[in-house]
Amino acid sequence: MTEQNLNDQELRRLEELRLLEESGINPYPYSYDKTHSATQILSSFSDENPEPLSNVSVAGRIVSIRKMGKATFSHILDSTSKIQIYFRKDDLPEFYELMKNLDMGDIIGVKGFVFRTKMGEISIHAKEATVLCKSIKILPTPKEEVDEQGNKVIHDAFADKELRYRKRYIDLIVNPQIRETFIKRSKIIAEIRKYFDERGWLEVETPILQPLYGGATARPFITHHNALDIDLFLRIADELYLKRLIAGGFEGVYEISKNFRNEGMDKMHNPEFSALEIYVAYKDYNWMMNMTEELISRLVQKIHDSYKINYNGQEIDFTPPFKRVKMFDLFRELTGKDIKGEPRENLLAVARELGVEVDSNASTMKILDEIFGQKLQPDLIQPTFIIDYPVEMSPLAKKHRTEEGLVERYELFVYGFEVANAFSELNDPRDQRARFEEQASIRAAGDEEAMVLDEDFLNALEIGMPPTAGLGIGIDRLVMLITGEVSIRDVILFPQMRPENS
RNA sequence: GAUCCCGUAGCUCAGGUGGUAGAGCAUUUGACUUUUAAUCAAAGGGCCGUAGGUUCGAGUCCUACCGGGAUCACCA
């Protein structure tokens, strides 16, 4: 921060800072004893008995100032809410003088008594006040109005998305609804941990730097370890490590994992994102489906106090049980015929008939995926489990116990996007090796995203992994649904951005 | 990666067919001891994203680049 780069307002604030110090004030003191949060005061004040709140202290950032000569009204914002402070020159003459050198954005502590103003707002009448931090840079100044219907109207909101994402700390200060979103995100994750911990499953940490990447189909980020002089990959998933732990004897493990995928960014994708994976021994995908339903509906209930939410203008009902549909039954509904096991050429013809855009050399798996993605997935608005996928689409899932050519896998779709993916885990090492080899040939044919054979993971399966059910949930998308946000950037505190000065 | 749109004061935005920049909030000065988008009076504040080009003259027209958004493609 050089003085040349500052505008007139900022230079003025530096001058105020100097004046404060000159008058013996430390503008950056070490601590402050606050007795209450703003919310605690607002929710516990009673007009009949204000006595319990006759001597409180609060701290927060000045977000509005209305000076009226020898009295001033101001709102300060703490982590819970805004609260109005009433300053009278008669009550604190020295601080009142000092207030000339305070601005919007400064942080202060206030001691006083709680009362209700003529206009009906619960406020603190200041008896003592302390500067806790002087702000040099200017905050945006949105104004809040309450119209006749009692609705909040925000004027001049800080709305520039680029600035909001790059300077999230400003966004959090001036856009209270964003703060709410991230509080909800934290609650959702805490609730997930609580649910799993109650059941005795172990939260574990597995490597982010992996010598081989696996557990999903995606292009990885590559980095280099100097001491070992080897390239390492940032994980695209933690699946293969968690399954090693099940082989190692843990019966329930989960990890909330940052994964990294070197692919495009849009409102559904950020290069680093959070995923939950959980593996439970001696269970299958049917059991896991019930667990998923219970977990997700419970999360919605905890946040909304209801199973029904509104997402992007659409009511979504998370009341269990969720709809369950076999994938090929959906295909049958769409096409009027059973396309399971059809040769590639026939599937291609079906796709063309439906107007699905698909490359003529696309694999069987790709064609099915395209038909599903373009024709079926967008209509899966209400929570729906899609069950039993073709084996080619699922190299880590166990073959179906009765259906030839399928695996025991389901995905949960809500509002047209995938929220969860789970299967009865493949634990036959011979089959797993064959699937990896199949992936290798797909890779050789030019698909960079096909899975890489992981010999050590196969070794773990050869040592023996019990029957296991596994589940992955995209945390960011789940948070989007539950908080009503339509862009992943609004549920990630610091979304990836291109650097400003390149 | 493709297409379209955007970039003007700290913030939100105006700036027909080219003629050296405007408003509200914020800031400064003054008035005001229950206001709440406080109000009233006055003042200051701009590399108009960057670099070229056309022109007597560019915020405005053209080109490239930088950054962002939306849609599509790719992708869980």
Side-chain angles (χ1 to χ4, degrees), chain A residues 5-13 15-16 63-75 82-91 93 96 100 103-105 115-121 123 125 135-147 152-167 170-171 173-175 215-219 236-237 259 261-271 273 275 357 359 366 369-370 372-374 377 393 411 413 417-421 447-449 472-474 476-477 486-489 495 497-502:
Chain A
N5 293 335
L6 298 180
N7 64 29
D8 58 335
Q9 290 189 50
E10 292 159 348
L11 287 170
R12 164 73 194 162
R13 288 185 178 207
E15 175 62 12
E16 289 170 342
V63 291
S64 74
I65 302 171
R66 288 178 297 283
K67 190 175 177 191
M68 309 164 52
K70 299 189 179 63
T72 296
F73 287 90
S74 173
H75 277 92
K82 281 194 233 185
I83 189 161
Q84 184 168 255
I85 313 293
Y86 176 52
F87 298 96
R88 272 193 353 170
K89 190 173 184 180
D90 297 348
D91 294 318
Y96 207 87
K100 286 179 187 158
D103 294 283
M104 304 268 277
F115 73 112
R116 191 184 290 273
T117 64
K118 256 190 211 165
M119 301 300 286
E121 180 166 349
S123 308
H125 189 128
S135 163
I136 304 303
K137 293 275 188 173
I138 316 302
L139 282 175
T141 51
K143 296 247 180 171
E144 226 174 65
E145 183 187 15
V146 180
D147 66 13
K152 270 189 191 171
V153 185
I154 311 281
H155 300 271
D156 299 336
F158 177 59
D160 185 304
K161 289 197 172 185
E162 179 176 1
L163 280 176
R164 287 186 42 218
Y165 298 145
R166 288 192 194 280
K167 311 275 185 231
I170 296 175
D171 194 26
I173 293 166
V174 302
N175 287 327
T217 52
R219 282 186 291 173
I236 59 172
N259 295 340
R261 299 190 185 175
N262 207 339
E263 285 162 357
M265 301 159 55
D266 58 32
K267 63 182 181 179
M268 296 299 287
H269 301 84
N270 194 61
F273 65 99
E357 287 174 36
D359 196 274
K366 185 75 183 162
D369 203 24
E370 286 298 328
F372 182 76
Q374 290 181 40
Q377 186 173 334
M393 291 171 76
E411 292 187 296
F413 290 89
F417 54 82
E418 181 204 333
V419 172
N421 179 22
D447 185 348
E448 284 181 70
E449 289 167 354
I473 291 180
D476 307 286
R477 291 178 185 180
V486 295
S487 169
I488 199 167
R489 292 193 167 113
M497 300 288 278
R498 194 183 292 273
E500 271 177 290
N501 305 313
S502 59

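Quantities reported herein were computed from a predicted structural model and do not represent experimental measurements. Quick note on labels: first sequence line is chain A, next is B, and so on, each numbered from 1. Just so you know, these numbers use all the heavy atoms, side chains as well, and skip hydrogens, waters and symmetry mates.
Ring geometry for A:Tyr86 versus A:His125: interplanar angle over 60°, hence perpendicular rather than tilted (30 to 60°).
In this structure, the side chain of A:Tyr165 does not engage the main chain of A:Asp160 through any donor-acceptor pair within 3.5 Å. The closest donor-acceptor contact from the side chain of A:Asp147 to the backbone of A:Val153 lies at 3.5 Å or more, if one exists at all. Of the possible donor and acceptor atoms, none in the side chain of A:Arg219 sits under 3.5 Å from a partner among the backbone N and O of A:Glu263. Side-chain N or O atoms of A:Ser74 include one that pairs as donor or acceptor with a backbone N or O of A:Ser64 at under 3.5 Å.
Taking atom CD1 of residue A:Ile65 and atom P of nucleotide B:rA26, one finds them 10 Å apart after rounding to whole Å. Distance CD (A:Gln377) to P (B:rC75): 13 Å, rounded to an integer number of Å. Between the C1' atom of B:rC25 and the CD1 atom of A:Ile154 lies a distance of 14 Å, rounded to the nearest Å. Distance, A:Met268 CE to B:rC72 P: 12 Å, rounded to whole Å. Between the CG atom of A:Leu11 and the P atom of B:rG45 there is a distance of 13 Å, rounded to whole Å. Distance, A:Asp160 CG to B:rG67 C1': 10 Å, rounded to whole Å. Residue A:Glu145 contributes atom CD, which lies 6 Å from atom P of B:rA37 at whole-angstrom precision. A:Met119 places its CE atom 12 Å from the P atom of B:rA38, with the value rounded to the nearest Å.
Under 4.0 angstrom from either OP1 or OP2 of B:rG67 there lies no side-chain N or O belonging to A:Lys161. Between B:rG45 and A:Asn7, no contact under 4.0 Å exists linking OP1 or OP2 to a side-chain N or O. Listed pair A:Lys70 / B:rA31 fails the phosphate criterion, with no side-chain N or O lying under 4.0 Å from OP1 or OP2. Residue A:Arg12 places no side-chain N or O under 4.0 Å from the OP1 or OP2 atom of B:rG45.
By the 4.5 Å heavy-atom criterion applied to side chains, A:Arg498 and A:Met265 are not counted as neighbours. Side-chain contact between A:Glu144 and A:Lys82 is present, with at least one heavy-atom pair separated by less than 4.5 Å. With a 4.5 Å cut-off on side-chain heavy atoms, A:Leu139 and A:Met104 do not count as touching. At least one side-chain heavy atom of A:Tyr96 sits less than 4.5 Å from a side-chain heavy atom of A:Lys67.
Nearest nucleotide to the A:Lys143 side chain, out of B:rU34, B:rG69, B:rA37: B:rA37. With B:rG68, B:rA37, B:rC75 as the candidates, the nucleotide lying closest to the side chain of A:Lys366 is B:rC75. The side chain of A:Arg498 approaches B:rG68 more closely than any other nucleotide in the set B:rU27, B:rA37, B:rG68. Among the nucleotides B:rA26, B:rG67, B:rU36, the one closest to any side-chain atom of A:Glu162 is B:rG67. Taking the side chain of A:Arg66 as heavy atoms from C-beta on, and the options B:rU12, B:rU36, B:rG68, the nearest nucleotide is B:rU36. Between B:rC74, B:rA38, B:rU12, one nucleotide has an atom nearer to the side chain of A:Met68 than all others, and that is B:rA38. Nearest nucleotide to the A:Gln9 side chain, out of B:rG10, B:rC32, B:rU28: B:rG10. Comparing atom distances between the A:Met104 side chain and each of B:rU27, B:rU12, B:rC25 picks out B:rU27 as nearest.
The residue among A:Ala218 and A:Met497 whose nearest nucleotide of RNA chain B lies closer to the 5′ end is A:Met497. Each of A:Phe73 and A:Asp156 was assigned the nucleotide of RNA chain B with the nearest heavy atom; the assignment lying further toward the 5' end belongs to A:Asp156.
Taking every heavy atom of both residues into account, A:Ile473 and A:Ala420 meet most closely at CG1-CB, 3.9 Å.
Evaluation of atom-type donor-acceptor distances gives no pair under 3.5 Å for the side chain of A:Asp8 against the base of B:rU27. Judged by distance alone with a 3.5 Å cut-off, no donor-acceptor contact links the side chain of A:Ser64 to the base of B:rU36. Judged by atom type and distance alone, A:Gln84 reaches the base of B:rU35 through a side-chain donor-acceptor pair under 3.5 Å. Taking only distance into account, the side chain of A:His269 meets the base of B:rC75 through a donor-acceptor pair shorter than 3.5 Å.
When heavy atoms are screened at a 4.0 angstrom cut-off, A:Asp266 is found touching base atoms of the nucleic acid. Counting any heavy atom pair closer than 4.0 Å across all strands shown, A:Glu16 reaches sugar-phosphate atoms only and no base atom. Within the 4.0 angstrom heavy-atom criterion, no nucleotide atom of any strand lies near A:Ala216. If you check every strand for non-hydrogen atoms under 4.0 Å, A:Tyr86 touches a base. Using a 4.0 Å heavy-atom distance criterion, A:Ala159 is classed as a sugar-phosphate-only contact. Residue contacts shown for A:Lys67 include a base, since a base heavy atom lies under 4.0 Å away. Using a 4.0 Å heavy-atom criterion, one finds that A:Tyr96 contacts no nucleic acid atom at all. A:Arg88 comes within contact range of at least one nucleobase, with a heavy-atom separation under 4.0 Å. Among the heavy atoms of the strands lying under 4.0 Å from A:Arg489 are primed sugar atoms or P, OP1, OP2 only; no base atom is included. Contacts of A:Glu263 with the nucleic acid, taken as non-hydrogen atoms under 4.0 Å apart, involve only primed sugar atoms and P, OP1 or OP2.
Going from the C1' atom of B:rA58 to that of B:rG52 covers 13 Å, rounded to whole Å. B:rA41 sits 14 Å from B:rA26 when the P atoms are compared, rounded to a whole Å. For the P atoms, the distance from B:rC40 to B:rG24 is 11 Å, rounded to whole Å. Spacing of C1' atoms, B:rU12 relative to B:rG16, comes out at 23 Å, to the nearest Å. Distance check on atom P: B:rU17 versus B:rU60 gives 12 Å, rounded to whole Å. With both ends at atom C1', the span from B:rC65 to B:rA73 equals 24 Å, rounded to whole Å. Taking the P atoms as reference points, B:rA64 lies 43 Å from B:rU27, given to the whole Å. Taking the P atoms as reference points, B:rG59 lies 15 Å from B:rU8, given to the whole Å.
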Taking Watson-Crick and G-U wobble pairs with both distances under 3.5 Å, convert RNA chain B into its dot-bracket string, 5' to 3', dots for unpaired and | for cross-strand pairs. (((((((..((((.....[..)))).(((((.......))))).....(((((..]....))))))))))))....
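The closest side-chain donor-acceptor pair between A:His75 and A:Glu121 falls under 3.5 angstrom.
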As a quick check of understanding, evaluate side-chain contact (heavy atoms from CB on, under 4.5 Å) for A:Glu162 and A:Met497, giving each step before the final call. CA-CA 9 Å; A:Glu162 179 176 1; A:Met497 300 288 278; 4.1 Å; yes
